[in-house]
Amino acid sequence: MRKIAVLTSGGDSPGMNACIRATVRRALNRGLSAIGVRKGFDGLIDGDFIELESQNVSNIIQRGGTILHSARSERFLTPEGRSAAAANLRNDNIDGLVVIGGDGSFRGADRLSEEHGIAVVGVPATIDNDIWGTDLTIGFCTAVNTALEAIDKVRDTAAAHDRLFIVEVMGRSAGFIALEVGVGSGAEAVLIPETPTDLDAIVRKVRKRISMGRSSNILVVAEGDEAGNAFEIAAKIEKISGLKSRVTVLGHVQRGGSPESIDRVLASKLGWAAVDALVDGAGSCMVGEINGEIVIHPLSDAWTKKKKLDPLLLVLSETR
Ligand code: ADP
């Protein structure tokens, strides 16, 4: 192996830059050339490649977003798109590819590997933490802290005005962010896609608290909850009980910002491990960290196996 490429794909997450940096530096360190692919899989199809030297990745470890840009690529969903991508890699004599992204990006990478025999290593980077095979994904902790900071501020207002607030956090179809943030912020209830949502029970709880004089109430809702989005839930609660609420949707602020130390360090370790996996011939795989150890799994495990929520956090979120 002489030359590898790296790209970031799907939703961006804080720490992607730290991972690009580690991947490039480890590649150079092992005597390889490193190519950056801009704009995810679209860049692979368009041959949007740039050679990366050590200095190209200096002073980025602390920056959110991704210097390589990210994209969702419709074209890569087609066999023709993936053939064009593989041809570009071959024409540029690229022997292996590091894909930094979420499970969607891993699916695409796995197809590229299966159909065209390209060696691919996936590095789990998504704020949602919904990838099996690693305790944490790159960006999750930073996103949780961003959301926590915002909810602490909402709590001040909720307390000042004796109000019920419904705060929606990201997570797509997973409740990892909501559960972590709900417990961390002392929310009165956490509504997540993985568990049934009983709005009547939540209303009873809020009413009880109000009767005890504890009139600031916060419900944290994951965006994929079965009861609907935060606005729909607010309307349903008002219909059931007459309780009025204010809605805050945190949205994309959770994606940006400077990565926390835990995400920088995880990204650095996994970028390093991804290059080693490629050079050592691990084949199509993903790298992760479990209990402090670097682990390597088949790429398909990332979506065929389902990561579980922490059962203790589930209990904590229900018993406050
Ligand atoms: P994430 O990687 O954050 O989960 P997406 O689910 O949007 O983000 O996936 C990123 C990109 O990966 C998609 O835009 C598409 O190009 C590619 N991709 C996702 N699923 C597949 C698939 N089943 N086959 C081929 N490519 C895929």
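Numbering of ligands and ligand atoms starts at 1, following listing order. What's counted below: heavy atoms across the whole structure, side chains too, no hydrogens, waters or symmetry copies.
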Taking distance alone, with no angle check, do [X] and ligand 1 share an N/O pair under 3.5 Å?
| X | result |
| --- | --- |
| Arg82 | no |
| Glu74 | no |
| Gly11 | yes |
| Phe41 | no |
| Ser105 | yes |
| Gly101 | no |

Donor-acceptor contact present, side-chain Lys307 to main-chain Asn129, <3.5 Å: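 Between the backbone of Asn129 and the side chain of Lys307 there is a qualifying donor-acceptor contact (under 3.5 Å).
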Please work out which of [options] has its closest non-hydrogen atom nearest to [atom].
| atom | options | result |
| --- | --- | --- |
| atom 16 (O) of ligand 1 | Gly122, Ala109, Ser73 | Ser73 |
| atom 27 (C) of ligand 1 | Val99, Leu77, Asp130 | Leu77 |
| atom 9 (O) of ligand 1 | Ser70, Gly104, Ala302, Pro79 | Gly104 |

Between [X] and [Y], is any pair of side-chain heavy atoms under 4.5 Å apart?
| X | Y | result |
| --- | --- | --- |
| Ile177 | Gln254 | yes |
| Glu114 | Ser284 | no |
| Cys285 | Val121 | yes |
| Val221 | Val167 | no |

Distance in Å, Trp132 CH2 paired with Lys306 NZ, rounded so as to fall on 0.5 Å steps: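 The distance works out to 13.5 Å.
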For ligand 1, the portion of Arg111 having any non-hydrogen atom under 4.0 Å away: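 Side chain only.
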Ligand 1-proximal atoms of Glu115, by part, heavy-atom distance under 4.0 Å: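 Neither; no heavy atom under 4.0 Å.
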How far is [atom] from the closest protein heavy atom, and which atom is that?
| atom | value |
| --- | --- |
| atom 8 (O) of ligand 1 | Gly10 CA, 3.4 Å |
| atom 11 (C) of ligand 1 | Ser9 OG, 3.9 Å |
| atom 25 (C) of ligand 1 | Gly108 CA, 3.5 Å |

Ligand 1 contact by Arg75, heavy-atom criterion under 4.0 angstrom: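 Checking ligand 1 against Arg75, which is what was asked, there is no heavy-atom contact under 4.0 Å.
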Whether Thr126 lies under 4.0 Å from ligand 1, heavy atom: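 Not so, Thr126 does not reach ligand 1.
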Arg155/Glu188 salt bridge by N-O under 4.0 Å criterion: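 The answer is yes: the pair qualifies as a salt bridge.
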SB check Asp280 Arg30 (cutoff 4.0 Å):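 So Asp280 pairs with Arg30 through a salt bridge.
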Proximal ligand 1 atoms for Phe76, defined as those under 4.0 Å from one of its heavy atoms: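 Those of ligand 1 that fall under 4.0 Å from Phe76 are 16 (O), 25 (C), 26 (N).
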Parallel, tilted or perpendicular: rings of Phe140 and Phe176 (30°, 60°):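 Taking Phe140 first and then Phe176, their aromatic rings stand perpendicular (interplane angle over 60°).
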Transitive ILVMFWY side-chain link Leu164 to Leu250, under 4.5 Å: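 Different clusters.
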